[in-house]
Amino acid sequence: MAHNHSHGGCHDESHDHDHDHGLPEDVGHRDNLFARIDRANVVALNAEESSMGPAVIKPWDQRMDEETYLESDADDQLIVRIPFTGAVKLRALLLKAGPEDQTPAKVALFPNVENIDFSDIADLKPVQEFTLPQGRDVGEYHVLPAKFPNVTSITLFFPASQGADTTRIYYIGFLGQWSERKFEPVLTVYESKPNLADHDKIQGLNTNWSAPGT
């Protein structure tokens, strides 16, 4: 049975367990955006294996697979940037993580942000963030539609695990409406496996984040 929980303000949260009545198992939601993700250009920062960034963008029928996963490296923080092949009106984030204390404590969403990395993400205010429960199901987290009307890329920031030394992600997906964009995407080169000495863990993320001067 689906359940929702919401809180006021820009951090509205909604979590549904996944079910799809009358839809084939390999299709899932009719507005699943798997086919609209530019998987070749998905980038994961502070990943134990950077190639696992695209690998956790799985088709719906593989969402429960736990053989393939993305795990953090130097500590329990992860950044994953996911570009789309067009403009998306985003409806929900789909996420499977864990197990147990390797589950991220929260996820912060940054649409259409280029060149973001650990050195500057603490200075940016997320458009929306969700607290993540532990569990083996796929969580469905509904975004505020007015905040995500024309998304060409989405950056997910996982600032901490729930107690483990590393964070693990099994599946990332999205729901929404896709339309063709009329311009060429801007591709950014990232340091996919940063020098551990250069990566200082960002502190103080259990409180509200704010942009400089706010």
Side-chain angles (χ1 to χ4, degrees), residues 10-16 18 28-29 31-47 50 52-60 63 69-70 72 77-97 104-118 120-132 138-159 167 169-190 192 202 205 209 211:
C10 69
H11 299 303
D12 282 12
E13 302 180 14
S14 176
H15 173 226
D16 295 324
D18 57 290
H29 296 266
D31 56 355
N32 190 295
L33 293 169
F34 170 75
R36 307 301 188 180
I37 294 173
D38 184 4
R39 293 177 72 241
N41 288 302
V42 172
V43 175
L45 302 183
N46 191 39
S50 59
M52 289 295 102
V56 296
I57 310 296
K58 303 173 183 176
W60 179 250
R63 67 194 183 281
Y69 55 84
L70 174 67
S72 63
Q77 296 189 326
L78 272 172
I79 294 175
V80 185
R81 183 179 180 273
I82 301 145
F84 296 101
T85 60
V88 167
K89 184 177 181 180
L90 195 63
R91 183 166 74 82
L93 165 69
L94 306 174
L95 194 66
K96 175 176 168 60
K106 65 173 65 175
V107 58
L109 280 62
F110 300 85
N112 304 333
V113 177
E114 304 289 340
N115 303 316
I116 191 170
D117 59 24
F118 292 102
D120 52 23
I121 199 167
D123 294 328
L124 299 177
K125 182 177 181 179
V127 173
Q128 195 166 359
E129 63 181 3
F130 299 98
T131 300
L132 305 181
V138 174
E140 182 174 315
Y141 303 91
H142 288 255
V143 303
L144 299 169
K147 301 288 188 179
F148 300 85
N150 186 37
V151 179
T152 56
S153 72
I154 186 95
T155 298
L156 307 179
F157 178 43
F158 303 94
T167 290
I169 307 294
Y170 291 110
Y171 169 75
I172 297 173
F174 300 94
L175 304 178
Q177 297 176 339
W178 177 89
S179 61
E180 186 178 1
R181 59 184 172 192
K182 305 300 183 182
F183 55 90
E184 291 298 318
V186 176
L187 300 181
T188 306
V189 177
Y190 292 87
S192 60
I202 301 169
L205 292 179
W209 306 345

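Note that the numbering runs from 1 along the sequence shown for the chain.
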Q.
So Tyr141 and Leu109, do their side chains get closer than 4.5 Å, heavy atoms only?
A. no

**Q.** Pairs involving residues 82-93, ordered by first then second residue, that meet salt bridge (Lys or Arg N to Asp or Glu O under 4.0 Å) (sequence neighbours left out)
**A.** Asp31-Arg91

**Q.** Leu93 versus Ile172, closest heavy-atom pair with distance
**A.** CD1-CG2, 4.2 Å

**Q.** With Arg63, the side-chain contact (heavy atoms from CB on, under 4.5 Å) member among Val138, Leu95, Asn32
**A.** Val138

Q: Check Glu129 against Ala108 and note the closest heavy-atom contact, atom names and distance.
A: CB-CA, 4.0 Å

**Q.** Distance in Å, Arg39 CZ paired with Ile82 CD1, rounded so as to fall on 0.5 Å steps
**A.** 11.0 Å

Q: Would you confirm whether Gln128, through its side chain, and Leu144, through its main-chain N or O, come within 3.5 Å as a donor-acceptor pair?
A: yes

Q | Nearest non-hydrogen partners of Val107 and Leu132, listed with the distance | A | CG1-CD2, 3.9 Å

**Q.** cation_pi(Lys58, Tyr171) dist<6.0 Å, angle<=45
**A.** no

Q) Do you know the tightest heavy-atom contact between Trp178 and Thr85? A) NE1-OG1, 3.3 Å

Q.
So does Pro104 get a backbone contact from the side chain of Thr167, meaning a donor-acceptor N/O pair under 3.5 Å?
A. no

Q. Taking all non-hydrogen atoms of both residues, which atom of Ser153 and which atom of Arg81 are closest, and how far apart?
A. OG-NH2, 3.3 Å

Q: Say whether, by atom type as modelled, one donor and one acceptor occur between the side chain of Asn46 and the main chain of Gln77 under 3.5 angstrom.
A: yes

Q) What heavy-atom pair brings Ala47 and Leu70 nearest, and what distance separates the two atoms? A) CB-CD1, 3.5 Å

Q.
Suppose we screen for ring-ring contact (aromatic ring centres under 6.0 Å, His included). Which residues come up paired with Phe174, at least two apart in sequence or across chains?
A. Phe84

